[in-house]
Amino acid sequence: MHQGERTPTQQAEFNKMLPHINLLYIGASVLILMDMTYMSRFWTLFEAWLSFQNPTPHGLTPASQGMRRNTITCLHNAASPEVASNMTASLENTWREKTPEEAYDVLAS
């Protein structure tokens, strides 16, 4: 999806894609590139939560460790082993068990 200033054509494409982008994060493997700002941005957190979910006939449920589809890689100012370990644990602890209702409450704030 084109970021930044868009031509009218790019804006029309963006408008068509945005409502469906969540389907990628629910069904595809997700590479999370995490830096120090990651935990403060709505879209990154929403996408991370989706990558911790398993789609079922009854809705989204937290994915077991073996069913997770994400890989978390820390970079830039979060790449040192100690910081990366803490940030990865924080992301996992925040989102891996959240129900849709709980995720909504966190993201709404």
Notebook entry, point to check: Does F52 offer a backbone N or O that forms a donor-acceptor pair with the side chain of W95 under 3.5 Å?
Noted result: no
Check: Under a 4.5 Å cut-off applied to non-hydrogen side-chain atoms, are Y104 and T99 in contact?
Finding: no
Exercise answer: donor-acceptor pairs, residues 83-91 side-chain atoms, under 3.5 Å, sequence neighbours excluded:
unit_1 : atom_1 : unit_2 : atom_2 : d
N86    : ND2    : E82    : O      : 3.4
T88    : OG1    : A84    : O      : 2.8

Next item on the list: Could you check if a side-chain atom of N77 sits within less than 4.5 angstrom of a side-chain atom of T37, using non-hydrogen atoms only?
Entry: no
Note to self: Quick check: closest heavy atoms across E102 and K98, and the distance to 0.1 Å?
What the structure shows: OE1-CA, 3.4 Å
Notebook entry, point to check: Quick one: does V106's side chain get under 4.5 Å of W49's, heavy atoms only?
Noted result: no
Note to self: Let me confirm one number: the CG-CZ distance from N54 to R68, rounded to the nearest 0.5 Å.
What the structure shows: 13.0 Å
Margin query: Quick one, L60 and P55 - any side-chain contact, counting heavy atoms below 4.5 Å?
Written below: yes
Check: Any link between L18 and L50 through a network of hydrophobic side chains (Ile, Leu, Val, Met, Phe, Trp, Tyr) touching at under 4.5 Å?
Finding: yes
Notebook entry, point to check: For the residue pair W43 and F46, does the interplanar ring angle fall in the parallel (under 30°), tilted (30 to 60°) or perpendicular (over 60°) class?
Noted result: perpendicular
Margin query: What's the separation between atom OG1 in T61 and atom CD in E97, rounded to the nearest 0.5 Å?
Written below: 10.0 Å
Notebook entry, point to check: Any side-chain heavy atom of I21 sitting closer than 4.5 Å to one from M1?
Noted result: yes
Check: Can you tell if the side chain of R96 reaches within under 4.5 Å of the side chain of P62, non-hydrogen atoms only?
Finding: no
Margin query: Hydrophobic cluster membership, with links at side-chain heavy-atom distances under 4.5 Å among I/L/V/M/F/W/Y: are L23 and L45 in one?
Written below: no
Check: Is any side-chain heavy atom of M39 less than 4.5 Å from a side-chain heavy atom of M34?
Finding: yes
Check: Counting distance only, does the side-chain N/O of Y25 pair as donor-acceptor with the main-chain N or O of V30 below 3.5 Å?
Finding: no
Checklist line | Interatomic spacing from OG in S51 to CG in L24 - rounded to 0.5 Å | finding: 12.5 Å
Check: What pair of heavy atoms forms the shortest contact from R69 to G27, and how long is it?
Finding: NE-C, 3.9 Å
Notebook entry, point to check: Residues sharing M67's hydrophobic cluster, by side-chain heavy-atom contacts under 4.5 Å among ILVMFWY, directly or via others?
Noted result: none
Notebook entry, point to check: How many angstroms lie between atom CG of L75 and atom CD1 of I32, to the nearest 0.5 angstrom?
Noted result: 11.5 Å
